[in-house]
Every structure is written in C-alpha cells, then in structure tokens.
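Everything below concerns the one structure shown next.
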Amino acid sequence: MPNQPLVPNRIVEPASGRDDPRRRILLDLFRSALESVDGRLCVRNALRERAAADAAAGTSPATLGRAVWVAAVGKAASAMLLGAHDALGDTLARAILVTKDDHVAPQCYGLPNVEVLESSHPMPDERSLAAGDRLIQWVDEIPPDTDVLFLISGGASSLVESLAPGATFEQLTALNARGLASGMTIVELNAQRSKLSRIKGGRLAARVSAKLSGSGTAKALFISDVPGHDPAVIGSGLMGPGGHSDDQGDRIERTIVASIDHAMERVVTEAYKCGLAPWRDSRIFDGSAERLAVRFSHELHMSASQLCVWGGESTVQLPENPGRGGRNQHLALAAARIIAGHENLLLLVAGTDGTDGVTSDAGALVDGETCSRVALSELDVQESLKKADSGTALAAAGDLIHTGPTGTNVGDIVIGLKLARDAAAGLPCAS
C-alpha cells in the first residue's frame, strides 16, 4: 500500500496493568503522536502541497516532471524516502538512503535506482566514514541541471561522516562518547561534531549549491529533533546553511516538515476527543533527566488539568560502566520514585524514534506502583538510577514500551495523566 505510514500497527503494551484503561489511553495518545509526525506522510504531504500551491499560483517550474535525485539520511530516512516516492512517482530517478541498522523499510528495496547504506548509531563507526565519503561522491555525480531533494532527520550526525583534514577517527569517537556520557546537550554536541567534519556545518550544502547551475534546484526537508528546529543544528548541519563565506552562494530551500510541536499538538487534540482536559508545555525541555522527573511529577500533581504533555530531550551523566537503559527510561524510573503511592498519577516517557539509548525499547510507562513492582523483583530503584540501569528495573516492573522503528524522530515526549482508574473507565476512548 503506497501511502501507508510506518507507524507500528500495535505498540507492544507493557506487561503491567494491562487491564488498566488509563494505560491504554496513554499508549493510544503516544501512537497518535507518532502518526502526526510520520516521515512518510509528512514528506508526501509537504511535496504534494507545494506542487498544488505552485500550480494554483501559476508558478509551477518549467522543469516540472523532470528527473529528481533524492538523498535521505537519518533514523527516519527510510520513511521519508517512501514519502518522496509517493509524491514524485516515476520522476524519482535516483536515490541514496543512509539509515540506522534495521531501520530500512522493506518497501525501499523495491524502489528502482535506490542505493541503501546501513550505518551506526548512536556511536559512529567505519561505516559512518564510508557512508560520508559515498555521499560526497554521490553529490559530485549530480548533473548540473538536476532537481535535488535532501531528506534529513536526527541521527545523521552519527550515520554519515567525512573527517576534516587533520581530524582523526579517534577524536570523533572520543567526542561522541564524551557527549553521551557527560550529559551534553544535542546543540552543544552537534556544534563540536561539525568542527571535525568536512560535510557538517553546512559544508555539504555548499558543495551541492556549487554543483548546481542553470535551472537546477535543491530542496531540503527536515524532521527536527532539536530545540528551535534549526537546520544548522539538525544532523550537525548536514544540509544547513553556514558553509559559505556569504549567503549568496546558498541555493538550498529548507523546510521543517515535522517536529515535537506537531506531536504534542496531536496529543492535545486527541485528549480533548477523549473527554480529558489537557495542558501542553510550550517550552522544549532539556537538561538532567532526574531534575526533569521532579519537575514533571510536580507539575502533573499540581496541575488543574487531567493530562499534561511535554516535549524535548533530557540528558544523563553516565557512570563508568552503565547498565541497561537510556535517558527516557532513566527519567521514567526517577519519576516513578516520586509518584510512588499516588494511585491517580501515571507518566509515559518515550523516544519518538522507537529507541532509547542503545536499547531497542522506546521508553516506559510508570505509575504509583512501579517502585513496588521493582522491589518485588528484589531490585532497588535508587541503586538502579545510580548505575544507569533503569532498563533492568523497568523490565522487572513490566513497564517498558517497545515500538520498533517508527518512521520518525522528533525527540522525546512525556505524557502525564492524573486520573482515577474508575473515572478513566467511563471515557469514550477507554474501550
């Protein structure tokens, strides 16, 4: 089915509380959030809407219908490429796809003239360097009068790299390891990554602009996973501005097609339909996962609303030998400790890309009894947090969420529900 999104048909429900309608409500809201930022649908719609607007305004280019080259890079690249094919059809003449291991949609292998490269995330490896060099070569092969479309999503920083003169692979891996362990924000980490690169920081965009001539055009569509949704930061600026001595040489038209804002808005919309009173934080969160756990738990407890939603990306300072988990699992377990004993409070914390840290779990859904379930498994919540082993504790509690690759990547979402179980059972969305 060419227009079907890649959002999983069924999010694997946590083992605990499967008869609790509140947990089903939260999972359904999370699924709706993923659908709203699905890479396939967002790219397809953006391209079709642009074509329709141009036609209505009488500004459709004379080159309409000619061949288009497409490069898709990032964790959502596979879905984005399928969206481009939905919109472009046979005019998609050639494509290169670079994405994370096991994130290639089977449909992509059926597309003609598509080169597929699987690479490493969250830590780069030798395949990242090979993919970066191949991407440069691919750009150099673009005919001057060609229309080019770049599809960029989070994860590109690790998946493709070509080192600047004098930079070493050891420096690159050390920087990524330090960034992941120290709690460095994504903006800070990507700024440092670009200094080691000959394609990041707008340098690949500059190469593309220099390659085009005559009627050749270049567009870049982005799924943003960074605060501010700045193309200079997404993917460490792989297709962002900044690689020129001035702005006159930049020929890239850039558009953000999906972000955490869209996902949160969908949660609010669906919550209203469910009969809930929602509240959305307009700020994009960052900083320590444990401090955020305190803030979110307090805001949920004190809120006049039944449902609260936050979006952003937390950080965790890792010990020397971290255990199983990721920032979302860490935040969820820290929140579970705070809401322990509060029967009416639940928090879902998950990555929209379907992965959290180096695990294959998206995050967790915790409630007032999570800590008790952890204790029954003879594990200690505080010790698990200290060892960055939240995933082990949450698995024992039966609270982990698993989606598989989602076809998007707009950062992390936290959905809090303040509602008695009996009250939830009477809502129209609880059945």
Side-chain angles (χ1 to χ4, degrees), residues 8-36 263-281 292-311 328-329 331-350 361-377 379 381 390 393-403 413-431:
N9 290 327
R10 181 177 181 274
I11 296 173
V12 178
E13 192 172 342
S16 63
R18 285 186 173 170
D19 59 343
D20 188 337
R22 298 173 299 176
R23 299 176 78 88
R24 290 197 297 274
I25 289 170
L26 284 171
L27 290 169
D28 285 343
L29 290 172
F30 179 45
R31 182 182 294 107
S32 294
L34 296 180
E35 289 173 351
S36 71
M264 290 193 289
E265 280 301 317
R266 175 62 67 85
V267 170
V268 169
T269 299
E270 295 302 317
Y272 276 121
K273 292 179 182 178
C274 188
L276 294 167
W279 170 83
R280 173 202 158 180
D281 193 347
L292 288 166
V294 174
R295 177 189 143 197
F296 296 157
S297 300
H298 177 73
E299 289 180 352
L300 178 62
H301 179 62
M302 298 301 294
S303 176
S305 300
Q306 297 166 304
L307 185 132
C308 299
V309 58
W310 303 266
N328 291 299
Q329 293 163 62
L331 198 162
L333 187 61
R337 180 181 56 179
I338 299 165
I339 66 173
H342 292 270
E343 295 182 358
N344 65 333
L345 300 183
L346 300 89
L347 279 163
L348 181 151
V349 188
D361 296 299
L365 199 173
V366 298
D367 57 33
E369 297 181 355
T370 292
C371 289
S372 296
R373 293 192 293 272
V374 172
L376 286 173
S377 299
L379 295 173
V381 169
S390 54
L394 291 165
D399 285 351
L400 289 175
I401 298 171
H402 184 79
T403 64
I413 193 164
V414 181
I415 311 173
L417 183 64
K418 181 169 65 174
L419 192 67
R421 181 169 174 167
D422 290 345
L427 294 175
C429 57
S431 59

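Below, each value reflects all heavy atoms present in this structure, side chains not excepted, and no hydrogens, waters or symmetry copies. Remember, predicted model here, so these are calculated numbers, not experimental data.
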d(L365 CG, R24 CZ) to nearest 0.5 Å is 12.0 Å
Which heavy atom in I413 sits nearest to a heavy atom in M264, and how many Å separate them?
CD1-CG, 4.3 Å
Locate the shortest heavy-atom distance separating A293 from A335; write the atom from each residue and the value.
CB-N, 3.6 Å
Hey, is CD on E369 packed in by over 12 heavy atoms from elsewhere, all under 6.0 Å?
no
Can you name the nearest heavy-atom pair linking G416 to L347, along with the distance?
CA-CD2, 3.6 Å
Within a radius of less than 6.0 Å around NE2 of H301, do more than 12 heavy atoms belonging to other residues, nucleotides or ligands occur?
no
From CG (L34) to CZ (R31), nearest 0.5 Å
8.5 Å
Side chain to side chain, V267 and R280, heavy atoms closer than 4.5 Å:
no
Once rounded to the nearest 0.5 Å, what's the spacing between atom CG of L307 and atom CD1 of I25?
9.0 Å
Identify the two heavy atoms, one from L394 and one from A364, that lie closest to each other, and give their separation to 0.1 Å.
CD1-CB, 3.7 Å
Separation between SG of C371 and CD1 of I338, rounded to the nearest 0.5 Å
9.5 Å
Would you mind reporting whether T403 and F30 have side-chain heavy atoms less than 4.5 Å apart?
yes
Tell me the closest heavy-atom pair linking R22 and A424, and the distance in Å.
CG-CB, 3.3 Å
Using 4.0 Å as the upper bound for N to carboxylate O, is an ion pair formed by R295 and D281?
yes
Can a side-chain donor-acceptor contact be found between R373 and T370 if the only test is distance below 3.5 angstrom?
yes
For the residue pair L333 and V366, establish whether any side-chain heavy-atom pair is separated by less than 4.5 Å.
no
Given the rule in the side chain to side chain contact (heavy atoms under 4.5 Å, CB included) test, do L345 and S297 qualify, once you have shown the distances and angles that lead to the verdict?
CA-CA 8 Å; L345 300 183; S297 300; over 6 Å; no
Does the side chain to side chain contact (heavy atoms under 4.5 Å, CB included) test come out yes or no for L417 and L29, once each step is laid out?
CA-CA 11 Å; L417 183 64; L29 290 172; over 6 Å; no
Which atom names give the shortest non-hydrogen contact between L379 and A393, and what distance separates them?
CD1-CA, 3.9 Å
When rounded to the nearest 0.5 angstrom, what is the spacing between NZ in K273 and OG in S32?
8.0 Å
Contact check, side chains of V349 and F296, non-hydrogen atoms, under 4.5 Å:
no
Does the side chain of E299 pick up a donor-acceptor pair with the side chain of W279 at under 3.5 Å?
no
Just wondering, do R421 and D19 contact through their side chains at under 4.5 Å, heavy atoms?
yes
Nearest 0.5 Å please: distance from the CG atom of L346 over to the CG atom of L300.
8.5 Å
Go through the steps for R23 and D367 under the test side chain to side chain contact (heavy atoms under 4.5 Å, CB included), then give the verdict.
CA-CA 9 Å; R23 299 176 78 88; D367 57 33; 2.7 Å; yes
Criterion side chain to side chain contact (heavy atoms under 4.5 Å, CB included) on N328 and I401, from CA distance to verdict:
CA-CA 11 Å; N328 291 299; I401 298 171; over 6 Å; no
